[in-house]
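See structure below.
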Amino acid sequence: MTWTRSPATVARVTENPTPIAATRERTVDGFVREFLRELNFGQGVDLSRASVNDQYLAMARTVRHYLMVRWLETLRRQGELQAKSVAYLSAEFLLGRQLDNALLASGLEEIVEEGLSSLGIDLATLREAEVEPGLGNGGLGRLAACFIDSLATMNVPCIGYGIRYEYGIFQQTFVDGWQVEKPDDWLALGSPWEFPHPEAAVRVSFGGTVEQYQADDGVIRRRWTPGWSVLAVPYNYMVPGFENGRVNTLRLWSAEATHAFDLGIFNSGDYAEAVRAQTFAENITKVLYPEDSTPQGKELRLQQQYFFVAASLKNFIDEVLPDGYDLHNLPDRINFQLNDTHPVIAIPELMRILVDEKGWDWDDAWSVTSKCFAYTCHTLLPEALEVWPVDLLGRLLPRHLEIIYRINDAFLAELRETYPDDELRVRRMSIIAEYPVRAVRMAYLATVAGTKVNGVAELHSQLLRDKVLNDFSEYYPDKFTNVTNGVTPRRFVRLANPGLSGLITEAIGDGWITDLDRLQGLEPLADDSEFRRRFREIKTANKHRIADVLVHRDGIVVNPDTMFDVMVKRLHEYKRQTLKLLHIVSLYEQVKSGKLDIAQVTPRTFAFGAKAAPGYLLAKQIIGLINAVGRTINDDPALEGRLTVAFPANYNVTLAETLIPAADLSEQISLAGKEASGTGNMKFTLNGALTIGTDDGANVEIRRLVGDDHFFLFGLTEPEVSDLVDRGYHPSAYYETNADLRHALDLIASGAFSRGDRTVFEPIVSNLLHEDRFLALADFQAYVDAQARVDTFYADTDQWTRSAVLNVARAGFFSSDRSMRDYIERIWHTPPVLP
Ligand code: 26W
């Protein structure tokens, strides 16, 4: 990559004019002193009385002090340089625990471990005290967290802007095998990683009316008089680069009542109403919506979106840019990256600021606005594309709706010039849908206004161009591009898999941590039997580690001497957890009916992790069924302990970090053409699991890179799926003709897993037989055959391990550092700023 080296593209810093505060003493004694000071003066306890939580909070604050000088320095230099930056706008940042990452980035791991141990404190115990900030649903939120980690590590100026939900993604519990949600009170015991700045709060307004007036310059303008407003209070988080001295900022907004709002009511003497108003304001950031594919069209969600986006734009323009900055140059200074459509309301908001507040001409404002945004789409499911009914939008943001209409009018006029005889096409492309209700299509707005639109894997980007946004890709061929997702190797290899990291570093040095392509250096070692032995030893140790966690965390007993076959992701029909379940049920049925000798069955631990959206009933039933099948199988002596189903509750980033490194087999079995990319698939590959997967999302690229011989491909391809659906898909035909499938489904329907009650899982069976939107039955046999290939392959341990090593060696492409390079080259054009 030339840009990393070419000095011409690198902004240079002039001599530092102000003295930098002295760095903290990076010695064990220095750390111990700082830690005890924090414990005494920060927590107000002495060591003998400190609880684990006291110790954790004191340590976290000590560690962040070490990063503070770097953070201040980064901010100061950024203020001086005014280099082009990325503002990553995302309604979700699924950060995971912060402590280990901060220790790693600052190079303090050993000092802290030693220092604590000299005080008789075990670092591992303190680690466990951290409650992860679960401010995201799944892939999209975790991707945002990986991206900001990579940008900091690559010295690229970036601000993450998002929402500080008081309650993150719900805690999943199982009651009799059924999902029961509990609120995620992650702030209850204190949150040492955030820096609140109430003095920097900004006002965000909603509702009200719009009127026409003649301005002083004689021009007719529109004036928005909002009906109510709230305060947005920023909470800053450090985003430390890996051992490079850079600390970027993540700014999450929290809603509070404004004074004016309180006072007006308070003065009227209605104290209870004043308090109600406060609660109303704070509701905006109270809770993360737990739907990760079907937008509910809830007003509060639109409030959240506008709230964080309006606060972020204002913050950037008023605080980050220097006084008197000429906003005509904004596109040279910033790129607002829209993480899916959730922040797309930022587009009319910038237009409103320029036209209404700054008094610009519409055309000038559009010319700047249409150069500042780029849009990433993360889905292919039509039901996941956000639309906002104009009723709702007009009530909440009347001026923004007007602006959207005007953008659309101009766009449609332009289209009619290009397609004078194709009114049908023009209507198809309208930003405003007319049916079933008049509504704004946020993806279309983002496409019209953005400089670029990207999908998140090659296949996904191609399907966006050819299907979902086909008219737009014909009209704007140059706007469309691909950036394949990636994951940060710091968190998901270096921290999550210390054993493997040590082995890799021993073999090729530690450069891979920031240059993951170097993993290629492991390739020859796949043929080295001693290396394979150690690789296997590490995998086994990782299985013991997760086995330990599962016993203590969930009371689940697993056997580390089995194949770990893992499927962890949100529960969704398109991801097809039921397909894996049918394979398990079929194996069980065949053993019970005597068709299969249990001694012939490869011992496996089938692990699941999945949260269902609380309102997604079928998904919740599938969870109930997995647990029911698990109970039956785990308790059946006929299986001689050879098959175990492990479904720990509340899968989250923390659990992923111990579960993924223990996996032998990675299940990536979505229906082809439905999973935009997947990022779990990449984490497994990097940790030496082999994939059983369809030709979907980033699986396509994983398979191409690791090679067909080291990947278990099965199932219909996307064109085959389209074909079959066009011809008419009849799932019952598979049931009729495939005896194994029929027996498995019949066993579920018989009540065998529900104490004889045939009604409990009837909806799942009947859905599969009569609807099966995601063609699980069509792919069943291919999947079972692929699993048989897995068994045969696994029986040859050396062969399997060799493939696992090659998976790691060939997966360097899936670093989020590479994704960031692609965004920089194809979309942002933001050079790194060298220290
Ligand atoms: C409620 C509305 C809604 C709709 C879609 C909320 C959230 C979404 C997201 C786009 C869902 C999501 O997380 N998509 C996932 O994004 C990952 C990162 O790009 C991909 O790897 C996954 O394939 C994709 O499902």
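In each ligand, atom 1 is the first atom listed, and ligand 1 is the first ligand listed. Keep in mind that this is a model prediction, so the values were computed, not measured. Just so you know, residue 1 is the first one in the sequence shown, and it goes up from there.
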>> Over 60° means perpendicular and under 30° means parallel, so tell me whether Y306 and F206 are parallel, tilted or perpendicular.
In response: perpendicular
> Does the pair E291/K298 count as a salt bridge with the N-to-O cut at 4.0 Å?
Replying inline: no
>> Under 4.0 Å from a heavy atom of E675: which atoms of ligand 1 are those, numbered in the order shown and with their elements?
In response: 22 (C), 23 (O), 24 (C), 25 (O)
> Short N/O distance, under 3.5 Å, between G138 and ligand 1?
Replying inline: no
>> If the cut-off is 4.0 Å to any non-hydrogen atom of D340, which atoms of ligand 1 fall inside it?
In response: 10 (C)
> Any heavy atom of R570 sitting closer than 4.0 Å to ligand 1?
Replying inline: no
> Any idea which atoms of ligand 1 are less than 4.0 Å away from a heavy-atom of A384?
Replying inline: 4 (C)
> Taking only heavy atoms of S677, which atoms of ligand 1 are found under 4.0 Å from at least one of them?
Replying inline: 21 (O), 23 (O)
>> Give the atom numbers and elements of ligand 1 that come within less than 4.0 Å of a heavy atom of G139.
In response: 17 (C), 18 (C)
>> If the cut-off is 4.0 Å to any non-hydrogen atom of G678, which atoms of ligand 1 fall inside it?
In response: 20 (C), 21 (O), 22 (C), 23 (O)
>> Can you name the atoms of ligand 1, numbered from 1 with element, that are less than 4.0 Å from a heavy atom of Y574?
In response: 25 (O)
> Is H342 in polar range of ligand 1, meaning some N or O pair under 3.5 Å apart?
Replying inline: no
> Looking at V456, which atoms of ligand 1 are within less than 4.0 Å of one of its heavy atoms?
Replying inline: 19 (O)
> Is atom CZ of R438 surrounded by more than 12 heavy atoms (other residues, nucleotides or ligands) closer than 6.0 Å?
Replying inline: no
> For ligand 1, which part of N485 has a heavy atom less than 4.0 Å away: the side chain, the backbone, both, or neither?
Replying inline: side chain
